[in-house]
Student: 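Attaching a single structure in structure tokens format; questions to follow.
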Amino acid sequence: MDSLDNEKNEKAREAPSNFIKVIIEEDLKLGRNDSRVHTRFPPEPNGYLHIGHAKSICLNFGLASEYNGLCNLRFDDTNPIKEESEYVESIIEDIRWLGFDWGDRLFYASDYFDTLYKYAVKLINDGKAYVDDLSADQIRQYRGTLTEPGQESPFRNRSAGENLDLFQRMKSGEFENGAKVLRARIDMSHGNLNMRDPVLYRILKAPHHRTGDKWCIYPMYDWAHGQSDSIERITHSLCTLEFEDHRPLYEWFVQNLGIYVPRQIEFARLNLTYTVMSKRRLLQLVKESYVKGWDDPRMPTLSGLRRRGFTPVSIRNFAERVGIAKRDSTVDYALLEHAVREDLNKHAQRVMAVLKPLKVVIENYPEGQTEQLDCVNNPENPDAGSRKVPFSKVIYIERDDFMEDPPKKFFRLAPGREVRLRYAYFITCTDVIKDENGQITELRCTYDPATRGGDAPDGRKVRATMHWVSAEHSLRAEVRLYDHLFRKEDPDDVEEGKTWLDNLNHGSLEILDDCRIEPYAADSKPGDRFQFERQGYFCIDPDTAPGHLVFNRTVGLRDSWAKIAKQG
RNA sequence: UGGGGCGUCGACAAGCGGUAAGUCACCAGCCUUUGGAGCUGGCAUUCCCAGGUUCGAAUCCUGGCGCCCCAGCCA
């Protein structure tokens, strides 16, 4: 291989560029931040991580590794009412699973509560913050509107001494929830509402998952976030678009405090078709039992996708492919599916499983005989080797693989037609047996002993190759098929008076409890992944118990027959 | 006559004054013991619109139009 080819290959493998990399490279070139790149992923522990967070995680950790920098994990735990340690644990597990490592740099905004308090005192002393006695309602009224300026609070001009005293007493619990707040003293007529004397602290007599009962006042996110980044000396604070107009406020804080100024860059959050991504909505789906939990395989949560069978690599590749930009966008769910198929195709063990069994008796096959046939484990990877699969007189095939009166383009089994049983024999359907209702209960076929392994010595061709399972040797299994959680690409596309919940797809879960799988799967463990030949990728669900296999369908194989059938 | 953003193929997304990358989806063909995978080819004479600058504009200027975010003591 010449060097040009090498160069080409390298180029092809390179992660795509984006506007944030351009900014970072510019900063590096100018020697800013001593040429450090230090990012962070700052989740609030009030819910489970979803695929949208994965985009941000891959971005932040990816950038750090690409530029030999560091990425911290920091929990933004400033609201004890909504936050729980259950969530911090799940978040840690999910990020690790995705394949990222923050070394010893696991932080919490609550680590900085003391520092933040001191910063607030400094602002008070500088006449840049004050204690306000207005109620929440009054504060809202005084704030003005989008088009009209706000009005200054009557408490805005208290002396530094009085403010200090009041603030200290807020801290020690002297006042009730909501009685007072600490506000920054900026500009009540600013066009940017965030600059109209934002609240810094509120009184919240609630125990915190880490600081316990130590605090009666808690910092607002806006007050905590930028300073936390500053304290950690984050060079590039990446966040989503809605924080764009908070940036001037964050800069006002760190500049007036005289501390390190991180650079905030905003990018568009991920939206995916056929699902919802807001934590509020995901929480509602869980709480109101529209799904079975945060890790329901239909959920776009990382725990849901994991249980569904997605691999970390597939999610990382997906995150890379969606790109980073500032434009609001909604990514086609098919891109996510493509990413798993791509990974699983290369790595998943092939196995034969019949989802909807139809009994087939091979009349000329010797009664009581069993053969062990050689089957390839993964045609994409010769090193995966092969396995033996038992064949016998009575087998099951897929109901959908037989049609009594087939349309022109249907190549599979039909009366009088010959097809191949994968890795086994050619069989020809000789008889169709039905019950009193006319339902097909069984097929009679003959086989050609000369076609053992699936090749006809006389060179005769068949149009179809079908999967099968020996009735006597197969294992019974439950298989859960999943479809989109919502019927519409955009769940918010509703008629007057309806809500996104009315777009829930009630057929998103289909349970098949009489599936048959070849014995190879007998010892599989939760998380094991397979390709069921001709059908899709499946993984073992944690509900699996001894003697009761449960599979989740991660994603189906692309199905060109389904397309043809649909067209009629 | 509030502020902040954004408009490039059905969906994402490069492009940074030199004549529209790539990916998904889709279509056609080849190949095939998975109607899978793979391979080949097709898929924006044009970048929201209108003017202007320039030899040359998706890129620069002017003016429109459209979409998103902000009035939590949530993050």
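Sequence lines set the chain letters: A, B, ... in the order given, protein chains first and strands last, and positions in each chain run from 1. Here the structure is a predicted model, which is why all the values come from computation and not from measurement.
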Student: For A:R350, answer base if it contacts any base atom (sugar-phosphate contacts may also be present), sugar-phosphate if it contacts only those atoms, and nothing otherwise; contact means non-hydrogen atoms under 4.0 Å.
Tutor: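 Result for A:R350 = base.
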Student: Hey, are the side chains of A:F113 and A:H208 touching, using non-hydrogen atoms and a 4.5 Å cut-off?
Tutor: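 They are in contact (side-chain heavy atoms under 4.5 Å apart), so the answer is yes.
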Student: Using a 4.0 Å heavy-atom cut-off across all strands, classify A:Y142 as base, sugar-phosphate, or nothing.
Tutor: nothing
Student: Looking across every strand, which nucleic acid part, if any, lies under 4.0 Å from A:D455 by heavy atom: base, sugar-phosphate, or nothing?
Tutor: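 Touches a base.
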Student: Contact class for A:M220 vs. all strands (heavy atom < 4.0 Å): base, sugar-phosphate, or nothing?
Tutor: sugar-phosphate
Student: How long is the line joining CG of A:L193 and C1' of B:G72, in whole Å?
Tutor: 12 Å
Student: Can a side chain N or O of A:T78 be found less than 4.0 Å away from OP1 or OP2 on B:A75?
Tutor: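 Answer is yes, contact under 4.0 Å.
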Student: If B:C60 has a Watson-Crick or G-U wobble mate with both distances under 3.5 Å, name it; if not, just say none.
Tutor: B:G52
Student: Look at all strands and tell whether A:N345 reaches a base, only sugar-phosphate, or nothing, counting heavy atoms closer than 4.0 Å.
Tutor: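 It contacts base atoms.
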Student: At under 4.0 Å, does any side-chain N or O of A:T147 touch on OP1 or OP2 of B:G3?
Tutor: no
Student: When all nucleic acid strands are considered with a 4.0 Å heavy-atom cut-off, which category describes A:H246: base, sugar-phosphate, or nothing?
Tutor: base
Student: To the nearest angstrom, how far is A:N192 atom CG from B:G5 atom C1'?
Tutor: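 Roughly 12 Å, once rounded to whole Å.
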Student: How is A:A334 classified with respect to the nucleic acid when contacts are heavy atoms under 4.0 Å: base, sugar-phosphate, or nothing?
Tutor: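 Contact class for A:A334: sugar-phosphate only.
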Student: When you match A:N46 and A:A464 each to their closest nucleotide on RNA chain B, which lands nearer the 5' end?
Tutor: A:A464
Student: So what's B:C39 paired with, Watson-Crick or G-U wobble, going by both distances under 3.5 Å?
Tutor: B:G29
Student: Expressed as a whole number of Å, how far does the P atom of B:U34 sit from that of B:C69?
Tutor: 49 Å
Student: Check this one for me: any side-chain N or O of A:K279 less than 4.0 Å away from OP1 or OP2 of B:C74?
Tutor: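 Checking B:C74 against A:K279, no side-chain N or O comes under 4.0 Å of OP1 or OP2.
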Student: Quote, to the nearest angstrom, the P distance that separates B:C74 from B:A25.
Tutor: 44 Å
Student: Determine the Euclidean distance between corresponding C1' atoms of B:C60 and B:C73; express it in Å to zero decimal places.
Tutor: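 Those two atoms are separated by 47 Å.
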Student: Hey, are A:Y425 and A:D448 close enough side-chain-wise for a donor-acceptor pair under 3.5 Å?
Tutor: no
Student: Strictly below 4.0 Å: does A:R143 bring a side-chain N or O up to OP1 or OP2 of B:G72?
Tutor: yes
Student: Scan A:V322 against the nucleic acid and name what it touches under 4.0 Å (heavy atoms): base, sugar-phosphate only, or nothing.
Tutor: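 Answer is sugar-phosphate: A:V322 comes under 4.0 Å of backbone atoms only.
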Student: I need the CD-C1' distance between A:E342 and B:C24, as an integer number of Å.
Tutor: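 Atom-to-atom, A:E342 to B:C24, this comes out as 11 Å.
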Student: Can you tell me how far C1' of B:C24 sits from CG of A:N317, to the nearest Å?
Tutor: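 From A:N317 CG to B:C24 C1': 13 Å.
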Student: Is any side-chain nitrogen or oxygen of A:S560 closer than 4.0 Å to OP1 or OP2 of B:G36?
Tutor: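 Yes, because at least one side-chain N or O of A:S560 sits under 4.0 Å from OP1 or OP2 of B:G36.
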Student: Side chain of A:L146: nearest nucleotide among B:A75, B:A71, B:C68?
Tutor: B:A71
Student: Expressed in angstrom and rounded to an integer, what is the separation of A:L249 atom CG from B:A71 atom C1'?
Tutor: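 Answer to the nearest Å: 15 Å.
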Student: Any side-chain donor-acceptor pair under 3.5 Å between A:Y520 and A:Q349?
Tutor: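 Distance-only check passes for A:Y520 and A:Q349.
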Student: For the residue pair A:Y117 and A:F167, categorise the inter-ring angle as parallel (less than 30°), tilted (30 to 60°) or perpendicular (more than 60°).
Tutor: parallel
Student: Can you tell me how far P in B:U8 sits from the matching atom in B:A50, rounded to whole Å?
Tutor: 16 Å
Student: When the P atoms of B:C49 and B:G72 are considered, how many whole Å apart are they?
Tutor: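 Rounded to whole Å, the distance is 38 Å.
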Student: With a 4.0 Å limit, can you tell me whether A:R534 has a side-chain N or O closer than that to the phosphate oxygens OP1/OP2 of B:G35?
Tutor: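 It does, given that an N or O in the side chain of A:R534 lies less than 4.0 Å from OP1 or OP2 of B:G35.
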Student: Under 4.0 Å: is that the gap between some side-chain N or O of A:R247 and OP1 or OP2 of B:G4?
Tutor: no
Student: Using a cut-off of less than 4.0 Å, is there contact between a side-chain N or O of A:R558 and OP1 or OP2 of B:A37?
Tutor: yes
Student: What contact category does A:E380 fall into here, base, sugar-phosphate, or nothing, at under 4.0 angstrom with non-hydrogen atoms?
Tutor: base
Student: With a 4.0 Å cut-off on heavy atoms, is A:Q531 in touch with a base, just the backbone sugar-phosphate, or nothing at all?
Tutor: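 Base, at least one base atom sits under 4.0 Å.
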Student: Please tell me which of A:L335 and A:G454 maps to the more 5' nucleotide of RNA chain B, matching each residue to the nucleotide holding its nearest heavy atom.
Tutor: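 On the 5' side of the pair lies A:L335.
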Student: How is A:L270 classified with respect to the nucleic acid when contacts are heavy atoms under 4.0 Å: base, sugar-phosphate, or nothing?
Tutor: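 No contact at all - A:L270 keeps every heavy atom at 4.0 Å or more from the nucleic acid.
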Student: Say we look at B:U32 and B:A37: how far apart would their C1' atoms be, to the nearest angstrom?
Tutor: 9 Å
Student: Reckon A:E533 touches a base, only the sugar-phosphate, or nothing at all at heavy-atom distances under 4.0 Å?
Tutor: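 Since a base atom lies under 4.0 Å of A:E533, the category is base.
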Student: Paired with B:C65 by Watson-Crick or G-U wobble geometry, both distances under 3.5 Å: which nucleotide is it?
Tutor: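 Result: B:G7.
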Student: With both distances under 3.5 Å as the test, what is the Watson-Crick or G-U wobble partner of B:U45?
Tutor: none
Student: Whole-Å distance between B:G22 C1' and A:F318 CZ?
Tutor: 16 Å
Student: Give the ring-plane orientation class for A:F532 versus A:F538, where under 30° counts as parallel, over 60° as perpendicular and anything between as tilted.
Tutor: parallel
Student: Taking only side-chain nitrogens and oxygens of A:R183, does any of them come within less than 4.0 Å of OP1 or OP2 of B:G72?
Tutor: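 It does not, given that no N or O in the side chain of A:R183 lies less than 4.0 Å from OP1 or OP2 of B:G72.
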Student: Taking the P atom of each, how far is B:C65 from B:U1, in whole Å?
Tutor: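 Their P atoms lie roughly 11 Å apart.
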Student: Nearest to the side chain of A:R140, which nucleotide is it out of B:G35, B:A71, B:U34?
Tutor: B:A71
Student: At 4.0 Å (heavy atoms only), tell me whether A:T273 reaches a base, stays on the sugar-phosphate, or touches nothing.
Tutor: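 Nothing, no nucleic acid heavy atom in range.
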Student: Round to the nearest Å and state the distance from A:M195 atom CE to B:G3 atom P.
Tutor: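 The distance from CE of A:M195 to P of B:G3 comes to 15 Å, rounded to the nearest Å.
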Student: Report which part of the nucleic acid A:I81 touches: base, sugar-phosphate, or nothing (heavy-atom distance under 4.0 Å, all strands).
Tutor: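 Counting heavy atoms under 4.0 Å across all strands, no contact is made by A:I81.
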Student: With a 4.5 Å heavy-atom cut-off, do A:W468 and A:Y396 have their side chains touching?
Tutor: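 A side-chain contact under 4.5 Å is absent here.
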Student: Please give the distance between the P atoms of B:G52 and B:A58 as a whole number of Å.
Tutor: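 Taking atom P in both B:G52 and B:A58, they lie 15 Å apart.
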Student: B:U34 phosphate, OP1 or OP2: any side-chain N/O from A:H467 under 4.0 angstrom?
Tutor: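 Looking at the OP1 and OP2 atoms of B:U34, neither is under 4.0 Å from any side-chain N or O of A:H467.
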Student: Going by atom types only, do A:E83 and A:N46 share a side-chain donor-acceptor pair under 3.5 Å?
Tutor: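 Side-chain D/A pair, A:E83 to A:N46: absent.
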Student: Using the rule salt bridge (Lys or Arg N to Asp or Glu O under 4.0 Å), only one of A:R185, A:R183, A:R156, A:R143 pairs with A:D132; which is it?
Tutor: A:R183
Student: Grab the CZ-P distance between A:R341 and B:C24 for me, whole Å please.
Tutor: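 In whole Å, B:C24 P lies 12 Å from A:R341 CZ.
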Student: Ignoring backbone atoms, establish whether A:R327 has a side-chain N or O less than 4.0 Å from OP1 or OP2 of B:U8.
Tutor: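 Yes, such a contact exists.
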Student: From C-beta outward on A:S329, which listed nucleotide comes closest to its side chain: B:G35, B:C70, B:A13?
Tutor: B:A13
Student: Does B:G72 fall in syn (glycosidic angle within 90° of 0) or anti?
Tutor: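 That one's syn.
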Student: Give the C-alpha distance, both sets of side-chain angles, the deciding distance and a yes or no for ring-ring contact (aromatic ring centres under 6.0 Å, His included) between A:Y537 and A:F530.
Tutor: CA-CA 6 Å; A:Y537 297 98; A:F530 300 92; over 10 Å; no
Student: Please identify which of these residues, A:R350, A:E533, A:E398, meets the side chain to side chain donor-acceptor pair (under 3.5 Å) condition with A:H467.
Tutor: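 Running side chain to side chain donor-acceptor pair (under 3.5 Å) over A:R350, A:E533, A:E398 with A:H467 returns exactly one hit, A:E398.
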